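Throughout, protein chains are lettered first and strands after them, A, B, ... in sequence-line order, and every chain is numbered starting at 1. Atoms considered below: every heavy atom in the structure, side chains included; atoms not considered: hydrogens, waters and symmetry mates. Fair warning: this is a prediction, and the values are worked out from it, not measured in the lab.
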2 protein chains.
Amino acid sequence: MTTIHDVAEAAGVSISTVSYALSGKRPVSEKTRRRIEDTVRSLGYEPDAGARMLAGRRTHIFALTEPLRADTHAPTHMAFVLATTVAARRRGYDILLLTDEQASEGMNRVAASNLVDAILVLDVAPDDARADIARALRSPTVFIGIPDDAEGLTCVDLDFEATGHLAIDRLADAGHTAAVLLGQTEVSYVKSNFPRRLLRGVQAQATLRGVALEWATTGVTTTDVSAVRTAVGTALDRGIRAFVVHAVGDVHEALLAVVAERELTVGTDVSVISAAASFDTTTLPVPVDTIPLVPQQSCELAIDLAVQRLEDPHAPARIHLIPPEYLSAGSVAPARE
Amino acid sequence: MTTIHDVAEAAGVSISTVSYALSGKRPVSEKTRRRIEDTVRSLGYEPDAGARMLAGRRTHIFALTEPLRADTHAPTHMAFVLATTVAARRRGYDILLLTDEQASEGMNRVAASNLVDAILVLDVAPDDARADIARALRSPTVFIGIPDDAEGLTCVDLDFEATGHLAIDRLADAGHTAAVLLGQTEVSYVKSNFPRRLLRGVQAQATLRGVALEWATTGVTTTDVSAVRTAVGTALDRGIRAFVVHAVGDVHEALLAVVAERELTVGTDVSVISAAASFDTTTLPVPVDTIPLVPQQSCELAIDLAVQRLEDPHAPARIHLIPPEYLSAGSVAPARE
DNA sequence: TTGAAAGCGGTACCAG
DNA sequence: CTGGTACCGCTTTCAA
């Protein structure tokens, strides 16, 4: 194993100069710096992680806690984990996984042992136990999602309420006076934090704009496509022509299929808006207006905040809501009287 | 922050005694050990990770590399990550994630910096670039899955070929002379390592047992349920009554639905075997014989192997195949002539 | 612009 | 059974 001493010797300088040349924390003359860098490359030197942690009091590791509940939507979750990992790496951090029981216990353990510089929280539940843990910890902690009691916590998320407002506004602007919110599974409104926020936003704005709203869940614990088809069919029968969909891809497809079977056309006869979709809605059989949920946005911001709090531990904790963005695809039609 | 010195002082012993009392690497009298443990608890002492790494030349961290290709089946993948994390934790190890480009580059980086004690490889491709990297590395590396060139590598996986044999044997034993393998998506036979192994096993045994085999993929890049329905319908039309399914839950459901629509009964008119399913087939609408793929088995074995190689770096590398297990549910019917 | 040296908090060897 | 202490490899202060 090659150490900083080997590099120093080979380059004919002291180890402190090597250290500074590599960290840039002290000016080093151009020529010696280049000589050192060459030596590092030719020797294949990589600083020892343990030594760096011990001496530098920085581990360059973030913990990512994810309970992975049974109702967690795997593809969406994977997208968040991936986005977090990539964003972290970009800032020079690795990700240490805390799953299952370790999601909570592990937070204390890795914080107490100084294994990580900060903690990122995924899969946030309304009454998440990790909120209290985070408040008691000295390690910076950033929630991606918002628990009911977010007092004193740093949180990041799409503004789901504003997303709900925006969707209803577009439908109301088009003259619709009735709409259906095709939502998530029933348990997710209890176990997760965001479906209810979207629901609240939709409901509030519907009331404000005079839109008669109906809320249909898409299964109890798991997506039930036939239930979706029934719900959509019933709504269409009753003359409702506007849908806000906050659900997985299958639900979108089921909705579009039922519409097509009735020989109705999205964008002409029927209006559809996909709200907070974390998958690529452009691959749907029909173009659909979308207010996307972009994991990269939340995760990059979360990483930035973690790094910030590391540099300035006194930065005040607050909730960071990402404003929704409306992507038009022509799927909202003027209401017919 | 409380250190080992604080503990030693508070307990009235030397730091070496504290260290040994906690590691158990040297006998410590019952009474002093208890006194130390009490002190540790009351002070909330947790050894510093960096210091432990540096002095102990062990990080207690395993890397988990997962490229997360677009065709990766998220729920199955999550199950493997979870199983790995839990198994690792049980042996005292944390998991560091290497995704995306870091899946390959990261291996060299974390090995060179002594960030991890071993590396676990997930999402193995037939021509996986990580095979060569692993061969060049000093860090113990365990593949969960088998690349084409596994020379010199430690690999763990379900014995997919034997799984194929077993499925065909059961059908042949029941008198079937024709069967359909309802497989994965087309790309997975190119990008992944295990679908082709199952396929080979099924094909070989079908030839051996005189079973006319047809192989149907279930979409190109993504599962196409309507294609599955068509394939099943065609097979039934042609009198085929035996199906081996190596696919996600949706495909099973589509198959069972088509069978039901024709007023045929699984276990009487039609035989179905689910091969290497990583989801819970008992929740299917009809009981189905299953040769399960249990992530826990592979992952626990992988962790054990990693730990073993840590203790004995000279243990020879080899492929560990987990024998398939057949779970009867009465879905295989005797063939009718 | 550079070097020397004091830690960082453990582990494990050498004594007793 | 227990204590003293030499490192582990790097960061950073102090001096030059």
Any ion pair linking [Y] and [X] (charged N to carboxylate O, less than 4.0 Å)?
{"X": "B/Arg135", "Y": "B/Glu151", "result": "no"}
{"X": "A/Arg41", "Y": "A/Asp38", "result": "yes"}
{"X": "A/Glu30", "Y": "A/Arg33", "result": "yes"}

(request) Quick one: which residue pairs count as a side chain to side chain donor-acceptor pair (under 3.5 Å) with a foot in residues 112-126 of chain B, not counting sequence neighbours? (result)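 Matches after skipping sequence neighbours: A/Asp48-B/Asn114, B/Thr59-B/Asp117, B/Thr72-B/Asp123.
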
(request) Extract, from 5' to 3' on DNA chain D, the first and final nucleotides lying under 4.0 angstrom from some heavy atom of chain B. (result) D/dC1 to D/dG9

(request) Give every residue pair that meets the ring-ring contact (aromatic ring centres under 6.0 Å, His included) criterion with at least one member in residues 32-57 of chain B, sequence neighbours excluded. (result) none

(request) Not counting sequence neighbours, list each pair that qualifies as a ring-ring contact (aromatic ring centres under 6.0 Å, His included) and has a residue in residues 85-131 of chain A. (result)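 As it turns out, the ring-ring contact (aromatic ring centres under 6.0 Å, His included) pairs with a partner in residues 85-131 of chain A, which skip direct neighbours, are A/His60-A/Tyr93, A/Phe62-A/Tyr93.
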
(request) For DNA chain D, determine which residues of residues 16-26 of chain B have any heavy atom closer than 4.0 angstrom to one of its atoms, and list them numerically. (result)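 Residues of residues 16-26 of chain B under 4.0 Å from DNA chain D: B/Ser16, B/Thr17, B/Arg26.
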
Partner set under side-chain hydrogen bond (donor to acceptor under 3.5 Å, both in side chains) for [X], not counting sequence neighbours:
{"X": "B/Ser104", "answer": "none"}
{"X": "A/Thr17", "answer": "A/Ser14"}
{"X": "A/Ser139", "answer": "none"}
{"X": "A/Glu9", "answer": "none"}

(request) Can you pull out how bent the helix from C/dT1-D/dA16 to C/dG16-D/dC1 is, comparing the axes over its first five and last five pairs, to 10°? (result)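 End axes: 30° apart.
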
(message) Using only atom types and a distance under 3.5 Å, with no angle test, would you say the side chain of A/Arg91 pairs donor to acceptor with the backbone of A/Val307?
(response)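 A pair under 3.5 Å: no.
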
(request) Using modelled atom types only, decide if a donor and an acceptor are shared between the side chain of A/Ser23 and the backbone of A/Lys25 within a distance under 3.5 Å. (result)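 Between the backbone of A/Lys25 and the side chain of A/Ser23 there is a qualifying donor-acceptor contact (under 3.5 Å).
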
(message) Reading DNA chain C from 5' onward, which residue's closest nucleotide shows up sooner: A/Leu54 or B/Arg52?
(response) A/Leu54

(message) Quick check: do A/Ile36 and A/Leu22 have side-chain heavy atoms less than 4.5 Å from each other?
(response) yes

(message) Can you confirm whether A/Asp94 sits close enough to B/Leu98 that some side-chain heavy atom of one is under 4.5 Å from a side-chain heavy atom of the other?
(response)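 A/Asp94 reaches B/Leu98 side chain to side chain.
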
(message) Between B/Lys31 and B/Gly56, which residue's closest nucleotide on DNA chain D lies nearer the 5′ terminus?
(response) B/Lys31

(request) Kindly compute the distance separating CG (A/Leu293) from OG (A/Ser298), expressed to the nearest 0.5 Å. (result) 6.0 Å

(message) Quick check for you: name the first and last nucleotides of DNA chain C, 5' to 3', having an atom under 4.0 Å from a heavy atom of chain B.
(response)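 Endpoints of the contacted stretch of DNA chain C: C/dG9 to C/dC14.
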
(message) Any residue in residues 2-14 of chain B with a heavy atom nearer than 4.0 angstrom to DNA chain C? Just list them by number, or reply none.
(response) B/Thr3, B/Ile4

